[in-house]
Amino acid sequence: MVSRCQVKVEVLYFAKSAEITGIRSETISVPQEIKALQLWNEIETRHPGLADVRNQVIFAVRQEYVELGDQLLLLQSGDEIAIIPPISGGKDMNEVEEKPKDIIKFTSEKLSVDEATQLVTSPPCGAISLFVGTTRNNFEGKKVISLEYEAYLPMAENEVRKICSDLRQKWPVKHIAVFHRLGLVPVSEASVIIAVSSPHRAASLQAVSYAIDTLKAKVPIWKKEMYEESSSSWKRNKECFWATSD
């Protein structure tokens with residue numbers, strides 16, 4: 001037989017449940033012996049909006065998890081009953097799956113970090129990692145005024161697609177953007193931008209590092225340094241896998 005003795009307990013609300021109720025805590029009177037689901041029904045009667053999260057929460061009674069079922073609770077006056085929504089950092093199984101995107105662009109126009117970032121932004125992702133390569137103003141004591149890039153474009157695009165595929169095989173990344181500028185690139189402007197989004201930072205950080213190293217090793221893009229004294233030099237990437245050492 002269920003006890004009719006009443007006790008006062010403090011109900012704590014967090015996150016979504018606090019938004020629904022508009023309060024962080026309240027003291028209520030409930031039977032000393034009550035099933036978990038009955039306790040929930042008592043609370044939901046006070047705050048009908050909680051019906052929307054009934055299937056997403058559990059209790060914490062005296063800081064121990066209790067599911068909303070037939071478990072009999074033996075409560076004492078002053079006990080804390082916390083409403084526990086899903087904890088941040090987990091995967092929401094109800095979220096709409098967003099199709100991964102690979103955005104590849106070779107252009108003579110100025111590159112935009114903001115554009116690359118926006119293109120890879122994804123609600124389920126908590127990390128966006130970027131690599132931005134810019135023209136520096138010096139090389140081995142010479143003053144550099146600009147770089148000039150050219151590419152074997154169809155093959156370059158295909159090789160970048162292979163890199164994107166490799167990233168997806170190696171890490172759980174979401175969206176990938178690879179921008180590369182062609183033609184003249186003045187000092188301090190971006191020549192390459194790689195942006196990768198992922199649920200957690202480790203994957204996107206490693207993916208971006210791999211992507212730029214592999215791009216320099218395999219993608220047929222050539223760079224000429226233009227110097228202040230009207231000379232220039234085609235540069236060879238040390239990563240280029242078919243080049244031999246001098």
Side-chain angles (χ1 to χ4, degrees), residues 98-122 125 127-140 142 144-198 201-227 230-246:
E98 186 180 15
K99 186 177 179 180
K101 297 181 294 185
D102 297 338
I103 307 104
I104 300 166
K105 180 168 73 172
F106 289 85
T107 179
S108 59
E109 302 297 323
K110 190 173 181 177
L111 302 183
S112 168
V113 172
D114 287 344
E115 179 188 1
T117 301
Q118 291 171 7
L119 285 171
V120 302
T121 297
S122 175
C125 291
I128 294 175
S129 296
L130 290 162
F131 173 82
V132 182
T134 59
T135 300
R136 60 177 176 268
N137 67 358
N138 67 91
F139 178 76
E140 294 182 349
K142 297 179 180 180
V144 176
I145 58 173
S146 65
L147 299 178
E148 182 179 355
Y149 287 91
E150 66 176 76
Y152 177 17
L153 200 52
M155 185 175 178
E157 291 174 340
N158 190 48
E159 289 296 320
V160 172
R161 289 191 189 94
K162 291 179 183 177
I163 292 173
C164 294
S165 179
D166 286 347
L167 298 186
R168 299 192 182 284
Q169 292 292 323
K170 294 176 180 292
W171 297 283
V173 299
K174 193 66 173 180
H175 303 314
I176 304 166
V178 180
F179 294 173
H180 207 296
R181 192 164 171 183
L182 301 176
L184 291 176
V185 184
V187 168
S188 298
E189 291 190 11
S191 56
V192 58
I193 298 173
I194 300 175
V196 179
S197 59
S198 61
R201 66 182 182 275
S204 61
L205 286 168
Q206 294 175 61
V208 163
S209 179
Y210 177 90
I212 186 59
D213 287 347
T214 308
L215 184 149
K216 284 181 169 290
K218 293 187 175 182
V219 180
I221 301 171
W222 298 273
K223 175 177 70 176
K224 181 192 285 188
E225 287 184 342
M226 316 292 287
Y227 305 119
S230 299
S231 63
S232 62
S233 175
W234 288 103
K235 308 306 295 184
R236 186 184 68 192
N237 289 330
K238 65 180 184 297
E239 298 93 344
C240 181
F241 75 92
W242 65 85
T244 57
S245 301
D246 292 334

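- The side-chain heavy atoms of V113 and L130, taken from C-beta on, include a pair separated by under 4.5 Å.
- Counting all heavy atoms, side chain and backbone alike, V196 lies closest to A207 at CG1-CB, 4.2 Å.
- The line from CG of L182 to OG of S191 is 10.5 Å long, rounded to the nearest 0.5 Å.
- A distance-only check finds a donor-acceptor pair linking the side chain of S197 to the backbone of V120 [under 3.5 Å].
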Give the intermediate values and the outcome of side-chain contact (heavy atoms from CB on, under 4.5 Å) for residues V178 and L215. CA-CA 10 Å; V178 180; L215 184 149; 4.0 Å; yes
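- No side-chain donor-acceptor contact under 3.5 Å links T214 to the backbone of A211.
- Ion pairing of E115 with K105 is present here, as a side-chain N (NZ or NE/NH1/NH2) and a carboxylate O approach within less than 4.0 Å.
- Under the 3.5 Å distance criterion, the side-chain polar atoms of K101 are matched with a main-chain donor or acceptor of L119.
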Apply side-chain contact (heavy atoms from CB on, under 4.5 Å) to Y227 and V144, showing your working. CA-CA 5 Å; Y227 305 119; V144 176; 3.8 Å; yes
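- Using a 4.0 Å cut-off between a side-chain N of Lys or Arg and a carboxylate O of Asp or Glu, R181 and E189 qualify as a salt bridge.
- Put simply, CD1 on I128 and CG on L205 are 12.0 Å apart, with the number rounded to the nearest 0.5 Å.
- Residues A203 and V173 come closest through the heavy atom pair O-CG1, 4.2 Å.
- Looking at E159, its side chain never comes within 3.5 Å of a backbone N or O of M155 through a donor-acceptor pair.
- A pairwise comparison of heavy atoms in H175 and T121 identifies CD2-O, 3.9 Å as the closest pair.
- No donor-acceptor distance shorter than 3.5 angstrom exists from the side chain of R168 to the backbone of I163, with no hydrogens or angles considered.
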Using the rule given for side-chain contact (heavy atoms from CB on, under 4.5 Å), can you reason through V160 versus V219, listing the C-alpha separation, both sets of side-chain angles and the distance that settles it, and then say yes or no? CA-CA 7 Å; V160 172; V219 180; 4.1 Å; yes
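- The shortest heavy-atom contact between S198 and P172 is CB-O, 3.7 Å.
- Proximity of L167 to I176: side-chain heavy atoms (C-beta onward) are separated by under 4.5 Å at one or more points.
- I193 CD1 to F131 CZ: the interatomic distance, rounded to the nearest 0.5 Å, is 10.5 Å.
- Taking CG of N138 as the reference point, atom CD of E225 lies at 9.0 Å (rounded to 0.5 Å).
- Atom OG of S146 and atom NZ of K224 lie 10.0 Å apart (nearest 0.5 Å).
- Looking at every heavy atom in both residues, S209 comes nearest to I212 through O-CG2, 3.3 Å.
- Within the model, atoms CD1 of I194 and CZ of F179 stand 11.0 Å from one another, a figure rounded to the nearest 0.5 Å.
- Nearest approach of Y152 to W222, heavy atoms of both residues: N-CZ3, 3.4 Å.
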Residue pair R136, V187: steps toward the side-chain contact (heavy atoms from CB on, under 4.5 Å) verdict: CA-CA 6 Å; R136 60 177 176 268; V187 168; over 6 Å; no
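- Figure legend: K223 and Y149 shown without cation-pi pairing, the cationic atom not lying both under 6.0 angstrom from the six-membered ring centre and within 45 degrees of its axis.
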